[in-house]
Colleague: 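Following this message is one structure expressed as structure tokens.
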Amino acid sequence: MYERRPDLRTNRISAGRPINLALSDRGWRGLEKVGIAEEVRKVALPMKGRIMHDINSQISYQPYGKEGQAIYSVSRGGLNCVLMDLAEKQGVEIFFNEKCDSVDLKKGNAIFENFETQKKTEVHADYLFATDGAGSAARLQLQLSTDRFQYSQQYLEHGYKELCIPPTPQGDFAMDPTALHIWPRGSFMLIALPNMDKSFTCTLFFPFDGENSFNALDTEEKMMTFFTKMFPDAVPLMPTLKTDYFENPACSLGIIRCFPWSYEDKLLLVGDAAHAIVPSTDKE
Ligand SMILES: Cc1cc2nc3c(=O)[nH]c(=O)nc-3n(C[C@H](O)[C@H](O)[C@H](O)COP(=O)(O)OP(=O)(O)OC[C@H]3O[C@@H](n4cnc5c(N)ncnc54)[C@H](O)[C@@H]3O)c2cc1C
């Protein structure tokens, strides 16, 4: 297995992409089928319902399912670390800092460049599984080198930014950790998912342009005025809001579709490389 990034188990995951994700029944079924659900449960926190925070700081609760049912907050880093440990136990060798540049489709070779040494390596495999995400280098190769390859990329008007609610000074969760918290505000929203370290990772889904947008909130004063009005009960829980807001990137949200997902019996696109969708939209 070749991975562009360094080993997460010895390097901290970078901010920018939400450091946790919601795992639901469909995800658990996949993990159960490959026999690793129990290991993943160790880094997962159950969220039995959603707590909605209105603009007057009133909260309401909606359960996600029947007794005992929940969706789970899982750390991306924690999940990846568990998956890598388990893969290595099965004999998989992982090469880090290796960025796939291109694929030689005819030979079934992938060409990697090492970030540290800049050394290029051409690797042959009987089957290449490209799981290199929405910006897949392997998919680009299919676009460049095959006839009638279908591809579309559609960006939303909204992007997202990671913010944080740390543990209280007493070391507790600042809100109920058994729920996914949502501050729905029509054309934008803030959400918060609990982490094992008793913090919450918040994600602001927000338009890039317009009256209420990332581009409009370009000073501390404008941002704080807006947040205090829109998310009055969240702001006191966010001591690092100013730094988080201005230092964390506003990331784009896009939908990618393509077809076919394979090339002869040599290459298969898997995951976001084949089909990237956005977490919540009416477009897909
Ligand atoms: C804001 C947001 C919130 C989301 N929330 C959820 C959620 O709550 N629940 C959920 O199930 N899904 C969620 N998703 C979707 C989910 O994150 C993706 O579907 C999932 O991460 C796709 O996994 P993947 O392995 O295909 O790609 P990725 O997670 O993108 O992983 C790709 C891997 O390939 C590596 N890589 C990339 N390019 C190269 C290269 N050229 N050479 C070598 N390695 C490379 C990367 O470093 C990375 O390790 C969310 C997505 C977004 C944007």
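As the structure lists them, so they are numbered: ligands from 1, and atoms in each ligand from 1.
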Colleague: Mind checking whether Glu3 has an N or O less than 3.5 Å away from an N or O of ligand 1?
Modeller: yes
Colleague: Please state whether the rings of Phe208 and Phe214 are parallel, tilted or perpendicular, taking 30° and 60° as the class boundaries.
Modeller: tilted
Colleague: With no hydrogens and no angle check, just 3.5 Å: does a side-chain donor-acceptor pair link Thr121 and Asn114?
Modeller: no
Colleague: Of the side chain and backbone of Leu21, name the one, both, or neither that has a heavy atom under 4.0 Å from an atom of ligand 1.
Modeller: both
Colleague: Please check whether Ala134 reaches ligand 1 - meaning an N/O of the residue sits under 3.5 Å from an N/O of the ligand, judged on distance alone.
Modeller: no
Colleague: Roughly how far, to the nearest 0.5 Å, is CG of Asn215 from CG of Asp209?
Modeller: 5.0 Å
Colleague: Please write out which residues are connected to Phe129 in a hydrophobic cluster, directly or through intermediates, given that two of Ile, Leu, Val, Met, Phe, Trp, Tyr count as joined at side-chain heavy-atom separations below 4.5 angstrom.
Modeller: Tyr127, Leu268, Val270
Colleague: Please identify which atoms of ligand 1 are closer than 4.0 Å to at least one heavy atom of Thr131.
Modeller: 32 (C), 33 (C), 34 (O)
Colleague: Are any of the N/O atoms in Arg5 less than 3.5 Å from those in ligand 1?
Modeller: yes
Colleague: Compare Asp132, Asp101, Asn20 and give the one whose heavy atom is closest to atom 37 (C) of ligand 1.
Modeller: Asp132
Colleague: At a 4.0 Å threshold, what atoms of ligand 1 neighbour a non-hydrogen atom of Gly271?
Modeller: 26 (O)
Colleague: Hey, which atoms in ligand 1 end up nearer than 4.0 Å to a heavy atom of Glu98?
Modeller: 42 (N), 43 (C)
Colleague: Check each of His275, Arg76, Lys99, His158 against atom 13 (C) of ligand 1 and report the one with the nearest heavy atom.
Modeller: Arg76
Colleague: Does either side chain, that of Tyr61 or that of Lys48, offer a donor lying less than 3.5 Å from an acceptor on the other one?
Modeller: no
Colleague: Side chains of Glu247 and Thr243 only: does a donor on one sit below 3.5 Å from an acceptor on the other?
Modeller: no
Colleague: For atom 40 (C) of ligand 1, tell me which residue out of Cys100, Ala110, Ala274 has the closest non-hydrogen atom.
Modeller: Cys100
Colleague: Show which atoms of ligand 1 fall inside a sub-4.0 Å distance from at least one heavy-atom site of Ala22.
Modeller: 7 (C), 8 (O), 9 (N), 10 (C), 11 (O)
Colleague: Are a donor atom and an acceptor atom from the side chains of Asp176 and Thr178 found within less than 3.5 Å of each other?
Modeller: yes
Colleague: Evaluate the ring planes of His181 and His53, with Trp represented by its six-membered ring, and classify them as parallel (under 30°), tilted (30 to 60°) or perpendicular (over 60°).
Modeller: tilted
